[in-house]
Structure formats: structure tokens, C-alpha cells
Amino acid sequence: MLKKRIIPCLDIQNGRTVKGVNFVGLRDAGDPVEMAEKYAKDGADELVFLDITATIENRDTLIDLVSKIAERINIPFTVGGGIRTLEDAARLIQNGADKVSLNSAAISNPSVITDIKQVFGAQSLVIAIDAKRIGDEWFVFSHGGRKNTGLKVVEWAKEVELLGAGEILLTTMDSDGTKNGFNLELLEKVNKSVNIPLIASGGAGNRQHFKDLFTKTKVSAGLAASIFHFGEISIPQLKTYLLDNNLPIRK
Amino acid sequence: MIAIIDYQAGNIQSVSNAVERLGFDTVLTRDKQTILQADKVILPGVGEASSAMNNLTKYELDTLIKNIKQPFLGICLGLQLMCDSSEEGQTNGLGIFNTKVKRFSAAEKVPHMGWNTLNTLKGPLFNRMDQSPDVYFVHSFYAELSKYSIAQCDYILPFSAAMQKDNYYATQFHPEKSGTIGQEILKNFLIL
């Protein structure tokens, strides 16, 4: 049986791991290569690295980091942040990233999705969507959550699938870093509207939140950062708890 | 020396890293002499079947692979290219395994992505290991079960998770990305 995936996310700034609350107020949380190795040993199913500075000057630092991670860990990992073109994606993949994740660039230039898919295949491409509720509607935000694109989340999710995305990473910004639980309603709605795997992100604060995610929705994976980095939940403890609750989890 | 065939098919660095972590020397190459002189040969690959097959033909590696005598391992797209044909891009394959590669129906999410359980394990790749290990898959196309199947997996339907014919081995999953279990499987190939 296909297992539900637990994915720690490491936000990278100048080669270090950071994680903020509601995207501001960043704290330093450690060396990404060491953390990646520890998570892999602990049973993380995949890893995601997001370069949150993503400036052109920092590109070479990120590429170096990606090759170091690829040398040391033996589980799949995704790299995101500042990828705008097929060439950006190619450089990361050729240095050992299994997947790349695009957000703002896919919104301003959707054809980049198809470009990457044609060369590296849909499985190498994750589209990250930052969602925020305004009134009764969920909208897609870009530029680190600062700009409302006016796109509706479900419609954009369907479009990226059509263009060639292999997976969607959906973050509900209202809950990101709050530890109040995943937004199950939006996740299930988006999950039902596409036929590619969906990774849930934003709001994980305890074991119960992951159990709710995997029992009340059919999403494929749950992603979290701060609860893992600061040792509030260890991955082995989380996995044991989910297995005890009869969920399909890799031991 | 372990030759890893470089035919411009995605992330092949991972395969090389995984083999080197096990203490073997690797060379990423498309040079025929280098491939023929290697102890073992690996055909990795993520990407699209018809363009990958075109590259193999362009570098004249198709005939070489069909006649190779060393232990040979195809991974993921590598496995699919070793079959007769693939529905992806309607391409012919190398024809080592007389079976077809088809697209998963949309009954579940496609690609089949993540950790899934192997069953019905046979042969040396799975020596000294748990009989139902979880390994990492990411693919939208699959090889049907056949007489070559040495491991099965269930997703939408049972399919070939690994295949063997003589010196030719292939895995649909990624041993290089499957943690310590994947490392064991890769090691079993490297010590054949």
C-alpha cells in the first residue's frame, strides 16, 4: 500500500535553516546538511528545502548546498525558491535535486511549467501554492505571500496539473506557523479537484493534526518545519503514533 | 569501476552518489569503450521515454546495451526503456524484456509517488532482506507483470517493481532514494 509521507521542510537563508511565524520574525534553526542527515536517519520520507532569500547572489551558495545534501542523504528531496527558468531548474537537478518547486515564477510565466516537464518529466516538478482566504474565497498569493494574484486556488491547481506539474504543495498562509492544525477543508477540496499528489502545509502543531490530515482527507503527504526543528515532535514518535492509529506509514 | 550511462536523462548524480557511498568508484559516461570495460553498468533515468530512447540511439548505445555481458541495472525509466515498447511518446524500447510499458489509469493519483511495499521477491537483488520492504517510487508508466518479474508492487493494479533476464536487472523504484533498504538492494547488485 502506498504510504502517507511525512516531509520536514527546511527554510534556507544564506546557507542556514530558519523558520518564521506567518512568514516574518525568522529564527535560526541550524545547519541544513546536518539536519537533512538527521531527518533521513529518523525516517523522514522526503525533504523540502526552500531558499527564502533566493537572490541571484545566493544562487551559487544554494547549488553548493544542494550538491552537499545529495552526497550525504539517500531519500528524495525537493528544492524551491527563486527558480524562474528551465535553466535554473536544470542546474539544481543536475546537482542532485530530485524535484524543483516553483511558486511565483509559475504564476507570472506558466509556460515554464511545460518547459520543465518536457525536459525532466512531471515527477520532477512541484508547484507550490500559497493560499489565503478573503471573504468566502481562497486566493493564490505570490512573492512570499505578499501579493494577491487574484487567482482562485482550485482553478490554479487544475491549471498547473494541465500544464504539467507532478505534484502540488499547498500552504494555507493563515495557519502557517500557528500550530493550530492543517486547513482540512481547503486541502480536501483541492485534492479532489486534481489527479496529482497533494502535499499539505501550514499549521501542523502536534501528532493529532497529522492524524486528522490523513484520516479526514485523502492528501498524500504532510509537511512541517518548526515542530520538527525545535524538537517538539520527533519523526519516530510521530510515525509510531500514526502507525498505532492504523495509518499507512513507512516504518 | 561502475559505469553510469550519461544520456542526458535527469538526475543521474544521485545514482552516482549512492554507489560511491557504498565504496565503489563510478564514471558517468557515454563512451562505448568505457562502458564495455566497466565491471557493472547502470542505466539510470528520470524523464520522458521517447526522448530518452532517441538519445540512446543518437549516442549509438542501443546496440551496445543489447549485447552487453556484464551485470546491467536499469533504474526507473531505465527499466521502461529495456522493455519492447512504451506508451509514453509511443516509442520502441531496447526489447530486452519482451513486455510492454503502459500508462496507469486515472483510478488513483498519477504519478505513483512515494513509498510502497514490494512483494513476491526473487533472486539475488533481494538477498538477506525483509520480504516486504518499502521503497521509493515515482512514475506514471509501468511494466506489466511477466515471467521476468522478480518483485511486484500494487498500485491501481499489480505491476513489475523489478525484473531480471540473464545479466540484465531492472527496478521501477529508485534504490538510490530508498534509504537503507535501497542501499542494500544496490549493494546486492554491485557485489553480483
Side-chain angles (χ1 to χ4, degrees), chain A residues 1-7 40-47 66-77 89-90 92-100 116-126 161 164-168 191 194-199 218-221 248-251, chain B residues 6 8-18 20-22 28 45-52 76-77 88-89 104-117 119 130 132-141 153-156 174-184 186:
Chain A
M1 189 175 193
L2 184 63
K3 305 299 187 289
K4 299 291 186 183
R5 286 173 281 156
I6 304 293
I7 307 178
K41 279 192 189 113
D42 275 359
D45 296 308
E46 280 188 45
L47 297 170
V66 166
S67 25
K68 276 184 201 140
I69 293 161
E71 273 169 32
R72 303 254 290 263
I73 72 160
N74 54 13
I75 58 169
F77 71 96
L92 292 163
I93 291 173
Q94 282 153 4
N95 279 280
D98 297 291
K99 311 177 196 178
V100 291
I116 295 172
K117 182 224 168 178
Q118 277 169 352
V119 177
F120 295 107
Q123 84 295 324
S124 68
L125 182 58
V126 182
E161 175 180 23
E167 205 169 18
I168 291 171
N191 191 51
V194 294
N195 201 47
I196 52 178
L198 183 69
I199 304 170
K218 289 189 170 169
V219 308
S220 308
I249 295 290
R250 177 175 73 109
K251 285 174 201 164
Chain B
D6 177 7
Q8 296 172 318
N11 177 4
I12 60 173
Q13 194 58 48
S14 300
V15 175
S16 161
N17 287 340
E20 293 197 347
R21 277 196 296 267
L22 288 163
L28 295 175
V46 290
E48 196 274 331
S50 63
S51 53
C76 193
L77 181 62
E88 187 178 27
F104 279 123
S105 77
E108 298 278 350
K109 301 266 178 183
V110 178
H112 171 219
M113 186 182 283
W115 298 78
N116 205 337
T117 315
N119 66 70
D130 172 12
S132 53
D134 281 338
V135 291
Y136 189 82
F137 288 89
V138 49
H139 60 126
S140 300
F141 295 79
C153 179
D154 280 307
Y155 188 70
I156 302 176
H174 287 273
E176 79 281 11
K177 288 286 157 184
S178 296
T180 46
I181 283 163
Q183 208 165 299
E184 287 299 304
L186 205 50

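By convention in this document, chain letters (A, B, ...) are assigned in the order of the sequence lines, proteins followed by strands, and residues within each chain are numbered from 1. Side chains included, hydrogens not; waters and symmetry mates left out as well; all remaining heavy atoms used.
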Pick one of side chain, backbone, both or neither for A:A221, based on which atoms fall under 4.5 Å of a heavy atom in chain B.
->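 A:A221 has no heavy atom closer than 4.5 Å to chain B.
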For A:L92, is it the side chain, the backbone, both, or neither that has a heavy atom closer than 4.5 Å to a heavy atom of chain B?
->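 A:L92 has no heavy atom closer than 4.5 Å to chain B.
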Could you tell me which residues satisfy ring pair (Phe, Tyr, Trp, His ring centres under 6.0 Å) with B:H139, sequence neighbours excluded, listed by chain and number?
->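 With sequence neighbours excluded, B:H139 shows a ring pair (Phe, Tyr, Trp, His ring centres under 6.0 Å) to B:F104, B:H112, B:F137, B:F159, given in chain and number order.
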All ring pair (Phe, Tyr, Trp, His ring centres under 6.0 Å) counterparts of B:F141, not counting sequence neighbours =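 Testing B:F141 for ring pair (Phe, Tyr, Trp, His ring centres under 6.0 Å), a comparison that skips the adjacent residues, returns none.
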Closest non-hydrogen atom pair, B:P111 against A:P197 =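 In this case the closest contact between B:P111 and A:P197 is O-CG, 3.8 Å.
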Minimum heavy-atom distance between A:G96 and B:S14, given as atom pair plus value =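 Taking A:G96 first and B:S14 second, the nearest heavy atoms are O-OG, 3.9 Å.
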Choice from A:G121, A:A70, A:P76 maximising heavy atom contacts with chain B below 4.5 Å =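 Winner by heavy-atom pair count: A:P76.
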Top contributor to chain B interface from A:N191, A:N95, A:N195 [non-hydrogen pairs under 4.5 Å] |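 Option with the greatest count: A:N195.
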Quick one: what part of [X] sits under 4.5 Å from any heavy atom of chain A, side chain, backbone, both or neither?
X      : answer
B:A18  : neither
B:Q183 : side chain
B:S178 : backbone

Sole residue of B:E176, B:K177, B:R21, B:H174 in side chain to side chain contact (heavy atoms under 4.5 Å, CB included) with A:N74 =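 Testing A:N74 for a side chain to side chain contact (heavy atoms under 4.5 Å, CB included) against B:E176, B:K177, B:R21, B:H174 leaves exactly one candidate, B:R21.
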Have a look at B:K109 and tell me which of A:L2, A:I196, A:V194, A:V219 forms a side chain to side chain contact (heavy atoms under 4.5 Å, CB included) with it.
->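 So, applying the side chain to side chain contact (heavy atoms under 4.5 Å, CB included) to B:K109 and each of A:L2, A:I196, A:V194, A:V219, only A:V194 qualifies.
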Name the one of A:K251, A:K3, A:R250, A:R5 that satisfies salt bridge (Lys or Arg N to Asp or Glu O under 4.0 Å) with B:D134?
->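 Exactly one option meets the salt bridge (Lys or Arg N to Asp or Glu O under 4.0 Å) with B:D134, and it is A:K3.
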Quick one: of B:S16, B:G179, B:G182, who has the most non-hydrogen atom pairs under 4.5 Å with chain A?
->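 Option with the greatest count: B:G179.
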Side chains of B:E20 and A:E71: closer than 4.5 Å at any heavy-atom pair?
->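 When only atoms from C-beta onward are counted, A:E71 and B:E20 do not touch, as no gap falls below 4.5 Å.
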